[in-house]
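What follows is a set of notes on a single structure, which appears directly below.
Lettering of chains follows the sequences in order, A, B, ..., and the numbering in each one begins at 1. Note that these values count all heavy atoms, side chains included, but never hydrogens, waters or copies made by symmetry.
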There are 2 protein chains.
Amino acid sequence: MSKADKTSAARMESDDTSSASPWPARNARHQDRHVKREAVIRAAARAFNARGYYNTSIDDIAAALNVTKPTIYYYVANKEQLLLQCILAGLERVLEPFRKPRQPGRCAREQFNDMIRHYAQAIASEYGGCMVRAQDLGLGPESMAHVKQLKSEIDQGIRRLLQDGVRDGSIATDDVKMTAFALAGALNWIAHWYRENQSMSAAEIAEAFVRFFNLGLAPRNAAARSPAATPRRRRAPRSRPAARSRP
Amino acid sequence: MSKADKTSAARMESDDTSSASPWPARNARHQDRHVKREAVIRAAARAFNARGYYNTSIDDIAAALNVTKPTIYYYVANKEQLLLQCILAGLERVLEPFRKPRQPGRCAREQFNDMIRHYAQAIASEYGGCMVRAQDLGLGPESMAHVKQLKSEIDQGIRRLLQDGVRDGSIATDDVKMTAFALAGALNWIAHWYRENQSMSAAEIAEAFVRFFNLGLAPRNAAARSPAATPRRRRAPRSRPAARSRP
DNA sequence: GGTAGATTATACCAGTGGGTAGAGTACTAC
DNA sequence: GTAGTACTCTACCCACTGGTATAATCTACC
């Protein structure tokens, strides 16, 4: 009885939400398989973010889609695969800027800042939470190896960008490795507190982070501030016009 | 049979480790109850860090102490309590510097830097992992409320320190809230990659972080570099730190 | 050496949830 | 209409693990 209650409650709830499910009512279910599989993975990611991986049963995910458990298993082999897909979706998105070729015209710090912006947006996506918690959840050894490899690729990408900056003089740091760890930590942690429809958009958060990373906390004299404070003037983030008060 | 194998394996392993268990052989077990309870919590924290909360059974923790499950339950009410104790141990340690009174002689940034050092050390402790992952693990509502309150206290402490710095001119930031999030993220994330007997000690990591937080990545002129990199001089510039010479 | 209290082990229960077998249903093609 | 395919459901299994009842054991103290 408790099971039936839970299921029907979840069903009603998900009927209300506007996050459309490809299983609209009970008929007309001849859509593309790929679309449905994507929907399963998205629903899983949302559920994992909301309740945590181990507190989310396959039944929960199924209920959120107006479907029963075997349907989930029709699209995905097992729960671990489901998690892995969420993680990979997030990681791949973060990796994008590292994989496309370097633009020659711009200094490393500008490219670095763009990377930070992209990273922050990816983390704020629904797959960000899964990605960030990936290490803790019990992935099998082969999946874990895959994830670790991609994470390492990200780390190396950050370090390379930092080193390039040190080389062309646009970035100053004496410990690339630790700086990369600090950066990744600050960015990854966004997944722990960011919620949609919050006061700040992901883009605004990214911009605040870029400023902090660039400028640091120790005050600078006014002359030194211009390029770092507003590194991207072409299209400013919506509300906050990046006005930096000076001491 | 697999169970017996697992248990005996864990038993042997823990016999080898030098992390002494208060149940040495089978005799002389008239120690203080408190000591044993502490040992249980420490063992739990280590196990949670190593395998994750949901992948650690009470039997695992018991086996690591050469003991059986009911013994654990003799010292702690349930698994959630065990987790909660680990989390609180970490949080309390982080909170220390925020609770002791402000030293009047030093500028806010110096106190801020000390706080960062303390924070990093606490996160690198064995309770750091539990603390950082606390939000994800399924705590009951009352425990969760307690944890959230302490976390909020930490956040407020960071922000207050930043604001004090802005006020006395030793810290420059235009978004205290985001800066605090970035700082906490970078620090918390240490728990995800730090392992003991690594190349860098926790103190060294903390120092690298302090440098990065203070200086940022955009280059400063050489003259401005030294005071921020080693910001711990006995008496720092009062209102406006070390007028930076410019070229 | 016997008794009380503290401590630990053996053996067990029960809920939960991942995963599956097999039967049905609907749509398409012929 | 009939066969085939794609998809989904009902009903079930079973391993794992949190938690407990109960008995045994150990220590202190008389």
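- OP1 or OP2 of C:dG17 has not a single side-chain nitrogen or oxygen of A:S57 nearer than 4.0 Å.
- Within the 4.0 Å cut-off from OP1 or OP2 of D:dC9, at least one side-chain nitrogen or oxygen of A:T71 is found.
- Under the ring pair (Phe, Tyr, Trp, His ring centres under 6.0 Å) criterion, B:F112 pairs with no residue at all, not counting sequence neighbours.
- Remark: P of D:dT8 and CG of A:D59 are 16 Å apart, rounded to the nearest angstrom.
- Between the side chain of B:K69 and the base of D:dG19, a donor-acceptor pair under 3.5 Å is found.
- One finds a side-chain N or O of A:T68 lying less than 4.0 angstrom from the OP1 or OP2 phosphate oxygen of D:dC9.
- Side-chain proximity of A:Y73 to C:dT8, C:dG19, D:dA11: nearest is C:dG19.
- At least one test fails for A:R117 against the ring of A:F209: distance under 6.0 Å to the centre or angle within 45° of the axis.
- Not one side-chain nitrogen or oxygen of B:Y74 sits closer than 4.0 Å to the OP1 or OP2 atom of C:dA9.
- Listed by chain and number, the residues in a side chain to side chain contact (heavy atoms under 4.5 Å, CB included) with A:A120 are A:L187, A:I190, A:A206 (sequence neighbours excluded).
- Taking atom CZ on B:R37 and atom P on C:dA6, their separation rounds to 17 Å, with Å as the unit.
- Atom CG in A:L65 sits roughly 15 Å away from atom C1' in D:dC7 (whole-Å rounding).
- Residues satisfying the side chain to side chain contact (heavy atoms under 4.5 Å, CB included) test with B:T56, not counting sequence neighbours, are B:A47, B:F48, B:R51, B:D60, B:I61.
- Side-chain nitrogen and oxygen atoms of A:R33 include at least one within less than 4.0 Å of the OP1 or OP2 phosphate oxygen of D:dC7.
- In this structure, CD1 of A:I72 is placed 15 Å from C1' of C:dT20, rounded to the nearest angstrom.
- Stacking of B:R160 on the aromatic ring of B:F98 is not recorded, the 6.0 Å distance cut-off and the 45° axial limit not both being met.
- Rounded to an integer number of Å, the gap from B:Y75 OH to D:dT20 P is 17 Å.
- Remark: P of C:dG18 and CZ of A:F48 are 9 Å apart, rounded to the nearest angstrom.
- Dashed line: the shortest gap from a side-chain N or O of A:K36 to OP1 or OP2 of D:dA6 is not under 4.0 Å.
- Rounded to an integer number of Å, the gap from CD1 of A:I58 to P of D:dC12 is 21 Å.
- Looking at residues two or more places apart in sequence or on another chain, you find a side chain to side chain contact (heavy atoms under 4.5 Å, CB included) between B:Q163 and B:R167, B:V176.
- Residue B:Y54 contributes atom OH, which lies 12 Å from atom P of C:dG18 at whole-angstrom precision.
- Partners of B:D136 according to the side chain to side chain contact (heavy atoms under 4.5 Å, CB included) rule, which considers only residues two or more places apart in sequence or in another chain, are A:R133, A:H192.
- Only A:N78, A:K79, listed by number, bring a heavy atom of residues 78-85 of chain A to less than 4.0 angstrom from any atom of DNA chain C.
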